[in-house]
Amino acid sequence: MSTCKACCENNGSEKKRLRIAIQKSGRLTDETLKLFKDSGIKISSNRDHLLAHAENLPIDILRVRDDDIPGLVMDHVVDWGIVGQNVLEETTMQRDLDGMYTGFNEVLKLNFGDCRLSVAVPMEEEWHGLSDLEGKKIATTYPHLLRRVMKNAGVNFRSVLLTGSVEVAPRAGLADAICDLVCTGATLQSNGLKEVETIYTSKAVLIGRDQPLFPEKQAIADMIIERFKGVMSAVESRYIMMNAPKAKLEQIRAILPGAENPSIIELEGSSDRVALHVVSREKVFWETLEQLKALGATSILVVPIEKMLG
Ligand code: ATP
Ligand code: ZN
């Protein structure tokens with residue numbers, strides 16, 4: 001662990017520097033660091049340090065295992081954390097059982113970390129529904145999420161807690177089925193399993209401690225939230241430019257996906273054609289461009305947007 005006398009010790013940094021816990025190394029790490037970078041938060045790249053300071057903003061980054069992130073927020077050790085909803089809910093249920101504090105605020109849903117928690121059984125088995133698992137052993141890292149679903153379905157089962165390699169449990173004779181995170185399903189297939197029921201869908205979220213922040217910190221937090229939102233909406237957005245016949249403007253506007261009011265600019269030397277510029281909040285497909293061309297639009301340009309505010 002590295003500490004730094006300038007700002008980690010008790011000299012008021014608690015009031016000023018926003019402390020964010022992120023996954024040290026795993027499936028959320030690259031996207032989290034990219035979100036920070038795109039939002040103008042510069043962090044030193046030494047991944048071995050537990051604590052990193054942003055070079056240009058009063059922000060400290062704590063790099064930990066994802067399982068520790070909800071607890072760090074709920075215990076008010078950090079101000080914010082970025083974690084999958086699956087880990088957040090599972091930890092909340094465990095802490096509830098342990099009589100620990102579970103308060104937090106969901107600050108923002110993020111646009112990465114999408115996955116689902118699914119039940120899978122050996123490929124050759126018939127499947128009629130969750131009741132097929134009555135009295136069976138199910139290997140999982142998420143016993144509480146699984147138990148909640150099975151309780152609602154009225155099915156009794158035994159859970160086998162595994163924190164890794166869950167997908168090999170049936171072949172190893174440790175369990176009859178598994179309940180694990182799935183993204184593409186390729187891992188299941190290569191282990192002779194088939195996905196039969198999705199019990200939870202998850203994405204990454206930004207959570208915060210459920211206490212007011214010191215005003216200086218709140219101001220930083222508000223600014224960063226706006227930047228995160230700006231980065232996420234810019235991902236899908238495009239700036240579209242074209243020259244178009246005045247007579248077809250209504251039809252052209254109708255087919256532009258998720259577009260705001262366009263700017264219409266006169267074209268020199270042309271009375272029946274104008275330039276049209278617009279921000280589209282959705283992806284623009286080739287089909288749309290072909291329809292625009294068919295309506296007489298020319299010089300159609302679709303440009304990615306790097307940053308967007310407001
Ligand atoms: P750690 O060492 O931090 O405990 P881990 O092995 O528990 O890491 P990862 O596999 O890195 O966790 O996954 C972190 C989170 O990423 C998951 O809890 C989930 O929310 C999300 N995730 C996104 N896609 C996937 C996927 N294809 N498979 C598993 N998790 C995914
Ligand atoms: Zn983990």
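None of these values were measured; they are calculated from a predicted model. Order of appearance sets the numbers: ligands from 1, and atoms from 1 within every ligand. Below, all heavy atoms of this structure are taken into account, side chains as well, without hydrogens, waters or symmetry copies.
Counting heavy atoms from C-beta on, the side chains of Leu256 and Val278 come closer than 4.5 Å.
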Please list, one pair per line, the donor and acceptor atoms closer than 3.5 Å that link side chains of residues 299-309 to other protein atoms, with sequence neighbours excluded.
none

Sequence neighbours excluded and cut-off under 3.5 Å, please list the side-chain donor-acceptor pairs for residues 161-187, or say none.
unit_1 : atom_1 : unit_2 : atom_2 : d
Arg171 : NH2    : Asn191 : OD1    : 2.6
Asp176 : OD2    : Lys137 : N      : 2.7
Thr184 : OG1    : Ala186 : N      : 3.2

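For the residues Lys24, Arg27, Gln23, the heavy atom positioned nearest atom 10 (O) of ligand 1 is part of Arg27.
Only protein atoms were considered; those of element N, O or S under 2.8 Å from the Zn ion (ligand 2) number 2.
In this model, no donor atom of one side chain and acceptor atom of the other lie less than 3.5 Å apart for Gln85 and Tyr200. A donor-acceptor contact closer than 3.5 angstrom links the side chains of Gln94 and Asp98. Under 3.5 Å, the side chains of His53 and Glu55 contain no donor-acceptor pair of N or O atoms. Judged by distance alone, the side chains of Asn261 and Arg253 do bring a donor and an acceptor atom under 3.5 Å apart. Under 3.5 Å, the side chains of Thr298 and Arg273 contain a donor-acceptor pair of N or O atoms.
Distances between N or O atoms of Ser202 and those of ligand 1 include no value under 3.5 Å. Of the N or O atoms in Gln85, none lie within a sub-3.5 Å distance of an N or O in ligand 1.
In this pair, Tyr101 and His76 present their aromatic rings perpendicular. The plane angle is above 60°, beyond the 30 to 60° band.
Considering only non-hydrogen protein atoms, atom 7 (O) of ligand 1 sits nearest to Asp66 OD1, 3.3 Å. In this structure, the protein non-hydrogen atom closest to atom 18 (O) of ligand 1 is Asn86 ND2, 3.0 Å.
Not counting sequence neighbours, the partners of Gln291 by the side-chain contact (heavy atoms from CB on, under 4.5 Å) test are Ile255.
Residue Glu124 qualifies as enclosed at atom CD: its count of foreign heavy atoms under 6.0 Å is above 12.
Near Val87, meaning under 4.0 Å from any of its heavy atoms, are these atoms of ligand 1: 18 (O). The Gly113 neighbourhood of ligand 1 comprises atoms 23 (C), with distances under 4.0 Å to a heavy atom of that residue. The atoms of ligand 1 that sit less than 4.0 Å from any heavy atom of Gly26 are 11 (O). Close approach of ligand 1 to Asp67 is summarised as follows: ligand atoms under 4.0 Å from at least one heavy atom of the residue are 4 (O), 7 (O). Every atom of ligand 1 is numbered from 1 in the order shown, and the set under 4.0 Å from a heavy atom of Gly84 is 20 (O).
Using a non-hydrogen distance threshold of 4.0 Å, Thr29 does not register as a contact of ligand 1.
When non-hydrogen atoms are compared, ligand 1 lies under 4.0 Å from the backbone of Asp114 (N, CA, C, O) but not from its side chain.
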